[in-house]
Q: 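This is the structure I want to talk about, given as structure tokens.
Letters A, B, ... are given to chains in the order of the sequence lines, protein chains preceding strands, and every chain is numbered from 1.
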Amino acid sequence: MAMQLENIIEKYNKDKTRLMDILIDVQSEEGYISEDAIKKIAGELDISLADVKQTMSFYHFFSDKPTGKYTVYLNDSVVAYMMGRQKVKEAFEKETGIKFGEVTPDGLIGLFDTSCIGMNDQEPAALINGKVFTDLTPFRVKEIIQDIRDGKNIEEMYRSDLGEGENRNELVRSVVRNNIRRIGPVLSKDYIPGRVIKEKLTSMTPEEVIHEIKKSNIRGRGGAGFPTGLKWEFCRKAKGEKKYIFCNADEGEPGTFKDRVILTERPKLLFEGMVIAGYAVGATEGIVYIRYEYMYLKKYLESILQGARDRNLLGKNIGGIEGFNFDIRLQFGAGAYVCGEESALIESAEGKRGEPRDRPPFPVEKGYLDQPTVVNNVETLCSAVKILLNGGEWYTTLGTANSTGTKVLSISGDCRYPGVYEVEWGFSVKDILEMTGADQEDVQAVQVGGPSGTLIGPKEFNRLLCYHDLATGGSLIIIGKQHNLLKDIVTNFTQFFINESCGSCSTCRNITFQMKEKLEKILDGKGIEKDIDDLVEWGKILKVSRCGLGQTSANPIVTSIRNFRHLYDELVAGDKDFESEFDLSEAVKASCDATGRIPVLN
Amino acid sequence: MSTLIKFTIDGVECMAEAGTYIVEAARENGIYIPTLCNIRGVKPRGSCRICSVKVNGRPMTSCTTPVADGMEIENNTPEINDIRKAIIEALFVEGNHFCPACEKSGCCELQALAYRFKMMVPRFPYNFPRKEVDASSPKLIKDHNRCILCKRCIRAIKTEDGKNVFAFVKRGRNVRIIMDPVLGEQMSDELAQKAVEICPVGALLPREKGYQTPIGKRKYDLEPIGSDIEKK
Ligand SMILES: Cc1cc2nc3c(=O)[nH]c(=O)nc-3n(C[C@H](O)[C@H](O)[C@H](O)COP(=O)(O)O)c2cc1C
Ligand code: SF4
Ligand code: SF4
Ligand code: FES
């Protein structure tokens, strides 16, 4: 152990900015990170013990106790519940004799909940020792636990065929399915790796590249929608010793899984996009920040990177462009949704807690290691390749006048064909329902843009997906009438934000929690009219939070009040305006029993 | 070379050097913006959000945002003040603050702000969380009931070679301040004293000392928080 730990620390040159990698390696070697290991790491990196602990304790997948020889992380997201998670969870507990959050006494199996793992189109799903198990049922759980007891290795526990496409790659070997249901410029197969570098980049100046991207009018696909050309230009103009391109592959918004599919099927397109961005801004290093949940793709992605190096699509004088050097490495996260926020992502990549930074300064001025940094979503970078190939002009012929191009959507929930659809901007929600074979009579609501987005009802199904109406990072969850919107959906989303808050802002740490308590009071039938108004008012306090997580964490409650007010009205007592959660008869019961008095209560 | 720029706070014309943080710029112009996590002279970290103002209509923290020419800042408006009051109330219910028994009463910035914003009863129900009092350090008593997680101690208290003595652990509602077991023990008395002074509330207290200034004669007993700035 001591020897191994030394090797791990040595592997990262005792660099404290690589603390995440060190912790990930120790966790995966040992199954947990012991107090001794923490001491050793702190000593070798010359930082305080407290520093190691503050990073380590931030991330869901780091543990200071053993988590079992087989560690099960069962997805906790809304869609998992819609698809039968509760029964699966109960089966796990019954078969193992332990509760979630515990490890069996023999140390064999650990059961844990985890936030959305990006498999919403094949739920209920779980990670077991880093490998994905999809479409779980109580029957499958029984088999899995038996297989574990029989000492099988993970792959021997698969009972289905491997998934399609590269999921079958020798380096992946996963049962995950892509479910690509509609293709466009990003997902289509007519892509020749390296072509844009060799045929276009070689004859363009960085300014011309930026000009082409600007002409396309593409905006960031990660949710915030910032114009990509402008971002690159800012970074190009910023002063720094070294510049960086980050690809944001953290994909933590529940219900989003399109980046997983792109990483699986089009990684060469993505890496080419990073090279183009690097050329445009004058960066020499690219880093793909990938969520821990997609670790099963690591070896495969690394082999693709090596292939690109071998073909001079990465490395020195790329594509023969004299003096253009650029390489890419992977950086894994360790389970924290907030790390998808671009400045938190940079902090995390520097080996720290994933707490968003105060802005200004913005990453394009002062990002990774305080150097100018572009952070772009996976899909944005992929689209950039096609823009250079076909021209910015061509891109504007797709989509609408103000929202150009295509969007890769992750669609899940109550529809016949959940999966990944690449559509031009301007589709209506109704189109989406028809496209995915949802029974429109049975749909009560659609969550557009994940928990931080909007919950809309049938009256609004003619709204359009575009930056001017329903802007979205791409997740749509279709919710059938059989679900209780407030109990099953809104409460789960609100709890998600509470779990995933970094805890830095007093507002995000406190107000979301207070709102959830109030929502539960209403759901318990103890609410009054004023509670609904309070929720709307309290939602406004969150707007002064530092990052998008806190700023949008009231959205599930506030947008459901806006669009489904009747559900709240039905639950509150309209005729009361006093504090109703206090039950006087209950409160005085014990003393009345003791004294034999009968209270007069009205 | 200094460049003076012009901006307005609630319509009042102000001037300051370009690049000054809004709170400081306001102070120089005799305008008080409440702060809690900010410490003058230490790199800001917008944690408490109480200094939020609207800059050209958008919420920003004034302790982290530099002034720029032509900025229109809203500070003393009913909307913003109510948010600040809500933040204070939420901090009170997040911990356990029994002011009359607290050594910091009268010098506590949280308490002083509650008075300034005329807080009566918090709009949020009390949570009465179970939190520990940690007296294991030879230098300091750490009372988690009173900690408002402002991170001042993390940012201001470092060893001579720049290492962190304090740190945050966990995340979300589980965050907690820890002291490095080794560095905390080696801390000089001066540094420990500095930690006590830097803490805006009574979460870090010296050992075997207390109540040296009688209640009633303490800083904010004498004048409300912010009044020194507004007097200028
Ligand atoms: C809490 C939070 C989570 C986010 N998660 C992601 C994510 O998983 N992937 C992503 O690309 N952007 C995410 N973003 C947006 C990023 O901050 C950033 O805007 C984006 O990566 C920029 O790339 P783009 O311009 O190509 O969209 C998130 C933002 C917030 C506030
Ligand atoms: S809004 Fe929430 S998640 Fe974002 S920085 Fe503040 S506390 Fe952290
Ligand atoms: S101990 Fe004091 S200074 Fe440190 S975070 Fe808590 S309240 Fe702030
Ligand atoms: S004083 Fe500015 S956020 Fe706390």
Q: By a 4.5 Å heavy-atom criterion (distance strictly below it), what part of B:N127 contacts chain A: side chain, backbone, both, or neither?
A: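 Contact with chain A is through the side chain of B:N127 alone.
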Q: Counting only heavy atoms closer than 4.5 Å, note whether B:K170 contacts chain A via side chain, backbone, both or neither.
A: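 Contact with chain A: backbone and side chain both.
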Q: At a 4.5 Å cut-off on heavy atoms, which part of A:C502 comes close to chain B: side chain, backbone, both, or neither?
A: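 Interface part for A:C502: backbone (N, CA, C, O).
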Q: Quick check on B:T64 against chain A: is it the side chain, the backbone, both or neither that has a heavy atom closer than 4.5 Å?
A: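 Contact with chain A is through both the backbone and side chain of B:T64.
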Q: Of the backbone (N, CA, C, O) and the side chain (C-beta and beyond), which part of A:L49 lies under 4.5 Å from a heavy atom of chain B, both, or neither?
A: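 Interface part for A:L49: both.
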Q: Can you tell me which of A:Q551, A:Q514, A:R359, A:R546 forms the most heavy-atom pairs within a distance under 4.5 Å of chain B?
A: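 Answer, by heavy-atom pair count under 4.5 Å with chain B: A:R546.
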Q: Indicate the atoms forming the closest heavy-atom contact of A:F497 with A:S452, along with that distance.
A: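 Heavy-atom minimum between the residues: CZ-N, 3.6 Å.
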Q: For A:H60, run the ring-ring contact (aromatic ring centres under 6.0 Å, His included) check against A:Y292, A:Y73, A:Y337 and tell me which one passes.
A: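 Exactly one pass, corresponding to A:Y73.
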Q: Hey, is CD on A:E517 packed in by over 12 heavy atoms from elsewhere, all under 6.0 Å?
A: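 Counting other residues, nucleotides and ligands, CD of A:E517 exceeds 12 neighbours.
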Q: Does A:K526 pair with A:D524 as a salt bridge, N-O distance under 4.0 Å?
A: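 Salt bridge between A:K526 and A:D524, a charged N being under 4.0 Å from a carboxylate O: no.
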Q: Relative to chain A, which segment of B:K151 carries a heavy atom at a distance below 4.5 Å: side chain, backbone, both, or neither?
A: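 When you check distances to chain A, only side chain atoms of B:K151 fall under 4.5 Å.
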Q: Below 4.5 Å from any heavy atom of chain A, which atoms of B:R45 appear? Answer side chain, backbone, both or neither.
A: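 Both backbone and side chain.
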Q: For B:L149 versus B:S47, what's the shortest heavy-atom pair and its separation?
A: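 Closest pair (atom of B:L149, atom of B:S47, distance): O-CB, 4.4 Å.
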Q: Give, as side chain, backbone, both or neither, the part of A:T512 having an atom under 4.5 angstrom from any heavy atom of chain B.
A: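 For A:T512, neither part sits under 4.5 Å from chain B.
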Q: Could you tell me which portion of B:V175 (side chain, backbone, both or neither) has an atom closer than 4.5 angstrom to a non-hydrogen atom of chain A?
A: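 Looking at B:V175, just its side chain touches chain A.
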Q: Test salt bridge (charged side-chain N to carboxylate O under 4.0 Å, His left out) on A:K16 and A:D46 and set out the steps.
A: CA-CA 8 Å; A:K16 66 179 177 189; A:D46 194 29; over 6 Å; no
Q: Relative to chain A, which of B:A167, B:G172, B:P66 shows the most heavy atom pairs under 4.5 Å?
A: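 Looking at each option in turn, the highest pair count goes to B:G172.
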Q: Does atom CZ (A:F226) have a neighbourhood of more than 12 heavy atoms from anything else shown, all under 6.0 Å?
A: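 Result for CZ/A:F226: enclosed.
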Q: Name the member of B:D180, B:L183, B:V93 that forms the most heavy-atom pairs with chain A at distances under 4.5 Å.
A: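 Sorted descending by pairs with chain A, the first entry is B:D180.
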Q: Between B:I178 and chain A, with a heavy-atom cut-off of 4.5 Å, which part of the residue counts as in contact: side chain, backbone, both or neither?
A: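 Contact with chain A is through the side chain of B:I178 alone.
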Q: How close do B:Q111 and B:F92 get, counting heavy atoms only, and between which atoms?
A: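 Closest heavy-atom pair between B:Q111 and B:F92: CA-CZ, 4.3 Å.
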Q: List the atom of B:P44, the atom of B:N38, and the distance in Å for their closest heavy-atom pair.
A: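 The pair with the smallest heavy-atom distance is CB-OD1, 3.7 Å.
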Q: With only heavy atoms counted, which part of B:L36 is less than 4.5 Å from chain A, the side chain, the backbone, both or neither?
A: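 No part of B:L36 comes within 4.5 Å of chain A.
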Q: Looking at A:G503, A:A50, A:A42, which has the largest count of heavy-atom pairs under 4.5 Å with chain B?
A: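 Most heavy-atom pairs within the cutoff with chain B belong to A:A50.
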Q: B:P181 versus chain A, heavy atoms under 4.5 Å apart: side chain, backbone, both or neither?
A: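 The answer is the side chain of B:P181.
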Q: May I ask you to say whether A:K543 pairs ionically with B:E79, meaning some side-chain N is under 4.0 Å from a carboxylate O?
A: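 Salt bridge: no.
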Q: With a 4.5 Å cut-off on heavy-atom pairs, point out which of A:D534, A:T55, A:N499, A:V338 contacts chain B the most.
A: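 Counting heavy-atom pairs under 4.5 Å, the top option is A:N499.
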Q: Checking heavy atoms, do the side chain of B:R123, its backbone, both or neither come under 4.5 Å from chain A?
A: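 Both backbone and side chain.
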Q: Report the C-alpha separation of A:R18 and A:D15 in whole Å, then their side-chain angles, then the decisive distance to 0.1 Å, and conclude whether the salt bridge (charged side-chain N to carboxylate O under 4.0 Å, His left out) test is met.
A: CA-CA 6 Å; A:R18 302 299 295 273; A:D15 179 354; 5.7 Å; no
Q: Could you tell me the separation between the CD1 atom of B:I148 and the CZ atom of A:R509, rounded to the nearest 0.5 Å?
A: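 Answer for the CD1-CZ pair, B:I148 versus A:R509, is 8.5 Å.
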Q: Just give me the residue among B:R171, B:M60, B:K54 that pairs up with chain A most often, heavy atom to heavy atom, under 4.5 Å.
A: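 Heavy-atom pairs under 4.5 Å are most numerous for B:R171.
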Q: Between A:E355 and chain B, which part of the residue has a heavy atom less than 4.5 Å away: side chain, backbone, both or neither?
A: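 Both backbone and side chain.
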